[in-house]
Number of protein chains: 2
Amino acid sequence: MPHNHQQDLGRAELKFDAFKDLLHISKEDICRRFFLENRESIRIKKEDVAVRNLVKIFDAALAISNKKGFPTMSMRDLSAGTGLSMGALYNCFSSKDDLLDMIQEQGRTVVIKILTDCTSGVDDPRQKLRRTVQTHLYLSEVMQPWFYFSYMETKNLGKEEHKRAIESELATEKVFLDIIEEGISSGIFSPVDAGLTAAAIKATLQDWYLKRWKYERRKVTVEDYSHFLVDFIESYILTEKN
Amino acid sequence: MPHNHQQDLGRAELKFDAFKDLLHISKEDICRRFFLENRESIRIKKEDVAVRNLVKIFDAALAISNKKGFPTMSMRDLSAGTGLSMGALYNCFSSKDDLLDMIQEQGRTVVIKILTDCTSGVDDPRQKLRRTVQTHLYLSEVMQPWFYFSYMETKNLGKEEHKRAIESELATEKVFLDIIEEGISSGIFSPVDAGLTAAAIKATLQDWYLKRWKYERRKVTVEDYSHFLVDFIESYILTEKN
DNA sequence: GTCTATATCTGGATAGAC
DNA sequence: GTCTATCCAGATATAGAC
C-alpha cells in the first residue's frame, strides 16, 4: 500500500535528518509512480524491471550530466554508468530528448507538491515563510542532482518543455510571493517590493544547490544555511521602512 | 591613443547610462588588447583584420551558445553566425576548446580590474559596499552575454581553465567578504557571518544576469534592482544582532 | 528483455585552390 | 586570408540473435 509522504512532511518538525530519511526511501516509489503514469512511452511491461532500470537510468543520467552536461553525455556513457546495454536503455525511452523530458517531468511533480503541502495548517505568514524556506532547502539538498540538472539543462529542452520549466520556476517563486503579500497586507511584514523580495529569496535558495562545492568546502550545513537565510530575509521584511 | 576607462569608471558617479557608454565603445579595444597579448595563438597577422574577426566571433559565439549551449553550437553554426567560413574561423583559434578558453580569458581580465578599481578612493565600508554592488550590476548588465556564458559553461572547461574559473568566482566573492569584514571590525556593520553574507550577495547579483528575462518582463531596471539590493543587504548588516 | 553489431548521420578539423 | 570540399571520429538509433 503506497504511503503518503507529503502529509508526513507537512506535519514533520523539519529536522533535516527526519526529512531526509522519509524522502530517500521513496526514490523507487517516485519511479514506480512515474512508470504507471507513462506506460505508453515505455516498452518494458513488467513493473519491477522497469522501475529498477528507471532508477538506475535517472541516477546515472543526472550524475553524468551534472559533470559534463547533458548534450555531452553520450548514450555509451549512460550505458556504462547504468550497466545496461544500449538496447536495454532504448526500451525505457524512445530518444535522448525523450529521456531529458522524463527527467524534468519526474522531478517537477514532486517539488511543487511538497512545497505547497509543507505549510498546510500554518497560518502565521512569518512561520509560513520560515517553513517554506526550510523545506525548499531540505528538498533541494535531498534532490540536489535533479535541481542542479533542471537549472542547467533548461536551454536544451524543446519548446514545449522549456515553457513548462519556466512556468515551474515562476510557480515556486509565486509561493514566496503569496506569503510575502499576505504578510504585508496583514501588517506583519513591512511594505517591501514583494516581487523583488521573492526573487531574491529564490536566488539565495538556488545558490545552495548550484554552488554546493562552495558550501561543502566551508563546512556549512543545510541547517546553518537555513538559519542564516531566515535571519537575512527577516531582517529585511521585519524592519520598518520609511 | 588608448584611453584608460577604468580610472574614469572609478571616479564616475555611477549613473548607468554614463557607465554604459563608456564601456560600450571599448568592445573593440578589449579585442585589440586581447589580440596583442595572444599573438602566438592567432594565425592572422594584420591587427585590423584580427580584431574585426574576433569581435564578430565573440559576439556570435556568445549569442548562439547562450541559446543552445556551447557544446551544442556547431562550428557551422558559428560560421553562419559570423559570416566567416570555417577556414577563416580556424585562423583565429586552433580548436573549439581553444575558443572556449579565449572567451573566458577575455572577459575575466576586464571584470576583476573594474571591480577592484571601482572603490579606489572610497574609505567608508558602507559606501564601498554600495558602490561595488552597483558596479557589479552595471558591469554584468553591459557584459550580460559574457557573464551568462561564463556561468553556464564552466563545466565544459578543461581542468586548468575550470580551476581558474572557480578562483575567479571566489575572487569576486572575496571583494565583498573583505568589505564586510572591514565594516564589522570597524563597528559599522553588525557581527554577521561575513562568508555567508558575501555568498548571498553574490547569489543575488548573479540572478540579475542569469534570469534577465524575468526582470525584463517585469520591467525592472538595473537601477531599481540596485536600490533594492542595497536596501536588502543593508537591512541585514546594519541591524543590531543579539 | 537484453545483448551485440551495425547502419546512418553529424560535427570538428584540414588540405589545397584562389 | 578566405573559401570549398573532404576526411574521419564519434554519436544516435536500430536490427536481429539469444
Side-chain angles (χ1 to χ4, degrees), chain A residues 31-32 35-36 38-58 60-61 64-65 67-103 153 156-158, chain B residues 31-32 35-36 38-58 60-61 64-65 67-103 153 156-158:
Chain A
C31 284
R32 189 171 311 265
F35 167 71
L36 294 173
N38 293 28
R39 273 210 148 125
E40 65 281 8
S41 60
I42 300 171
R43 256 199 290 270
I44 299 180
K45 284 303 152 214
K46 280 175 73 175
E47 188 173 316
D48 288 349
V49 180
V51 172
R52 178 161 39 90
N53 286 359
L54 281 174
V55 171
K56 274 192 214 163
I57 290 173
F58 286 144
I64 300 170
S65 295
K67 205 175 288 188
K68 330 200 316 181
F70 185 80
T72 315
M73 175 190 74
S74 72
M75 298 310 280
R76 287 180 180 87
D77 290 337
L78 188 59
S79 169
T82 54
L84 295 168
S85 70
M86 301 279 289
L89 289 179
Y90 275 91
N91 271 341
C92 293
F93 48 80
S94 56
S95 73
K96 199 186 171 187
D97 282 337
D98 186 41
L99 171 61
L100 181 55
D101 293 349
M102 280 167 59
I103 295 174
E153 306 297 344
N156 300 312
L157 296 167
Chain B
C31 283
R32 175 152 303 149
F35 167 71
L36 294 174
N38 293 20
R39 274 209 147 126
E40 66 281 6
S41 59
I42 300 170
R43 257 199 288 271
I44 299 179
K45 286 302 151 214
K46 281 175 75 176
E47 188 173 315
D48 289 349
V49 180
V51 171
R52 177 162 38 88
N53 286 359
L54 281 175
V55 172
K56 274 192 215 162
I57 290 173
F58 286 144
I64 301 170
S65 296
K67 204 175 289 184
K68 329 200 315 180
F70 185 80
T72 314
M73 175 190 75
S74 72
M75 297 310 282
R76 288 172 178 86
D77 289 338
L78 188 59
S79 168
T82 54
L84 295 169
S85 69
M86 300 280 287
L89 289 180
Y90 275 91
N91 272 339
C92 294
F93 47 79
S94 57
S95 74
K96 199 185 174 191
D97 283 337
D98 187 39
L99 171 61
L100 181 56
D101 294 349
M102 279 167 61
I103 295 175
E153 307 297 346
N156 300 311
L157 296 168

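A note on names: the letters A, B, ... follow the listed sequences, proteins ahead of strands, and every chain is numbered from 1.
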Inset, instruction - Return the nearest nucleotide to the side chain of B:Y90; candidates are C:dG1, D:dA13, C:dA13. - result: C:dA13

Inset, instruction - Choose from D:dA13, D:dT2, C:dA13 the nucleotide whose nearest atom is closest to any side-chain atom of A:K96. - result: D:dA13

Legend entry - Side chain to side chain, A:L54 and A:R32, heavy atoms closer than 4.5 Å: no

Inset, instruction - For A:M75 and C:dT2, give me the distance from atom CE to atom P, rounded to whole Å. - result: 15 Å

Inset, instruction - Can you tell me the distance, in whole Å, between the CZ atom of A:R76 and the P atom of C:dT10? - result: 16 Å

Legend entry - Polar side-chain atom of B:E153 near backbone of B:L100 as donor-acceptor pair, under 3.5 Å: no

Legend entry - d(CG, A:N91; C1', D:dG16) in whole Å: 13 Å

Legend entry - Interatomic distance, A:F58 atom CZ to A:L99 atom CG [nearest 0.5 angstrom]: 7.0 Å

Legend entry - Member of A:I42, A:D101, A:I57 meeting the side chain to side chain contact (heavy atoms under 4.5 Å, CB included) criterion with A:F93: A:I57

Inset, instruction - Go through D:dT2, C:dG1, C:dG12 for me and flag the one nearest to the A:K45 side chain. - result: C:dG1

Inset, instruction - Can you tell me the distance, in whole Å, between the CZ atom of B:F70 and the P atom of C:dG12? - result: 9 Å

Legend entry - A:R43 side chain reached by A:S94 side chain, heavy atoms, under 4.5 Å: no

Inset, instruction - Answer yes or no: side-chain N or O of A:R43 and base N or O of C:dG1 forming a donor-acceptor pair under 3.5 Å. - result: no

Legend entry - Between P of D:dA13 and CG of A:L78, the distance in whole Å: 12 Å

Legend entry - Under 3.5 Å donor-acceptor, B:K96 side chain and B:S74 backbone: no

Inset, instruction - Figure out the CG/P separation between B:D77 and C:dG11, and round it to whole Å. - result: 7 Å

Inset, instruction - Taking only heavy atoms on the protein side, list every residue of residues 47-58 of chain B lying under 4.0 Å from any atom of DNA chain D, sorted numerically. - result: B:V49, B:N53

Legend entry - Options C:dA13, C:dG1, C:dC3, nucleotide nearest the side-chain atoms of B:M86: C:dA13

Legend entry - Along DNA chain D (nearest heavy atom to each residue), the more 5'-positioned of B:L84 and A:S74: B:L84

Inset, instruction - Return yes when atom NZ of A:K45 has more than 12 non-hydrogen atoms of other residues, nucleotides or ligands closer than 6.0 Å, and no otherwise. - result: yes

Legend entry - Given D:dT2, C:dC3, D:dT12, the nucleotide with the shortest approach to the side chain of B:S85: D:dT2

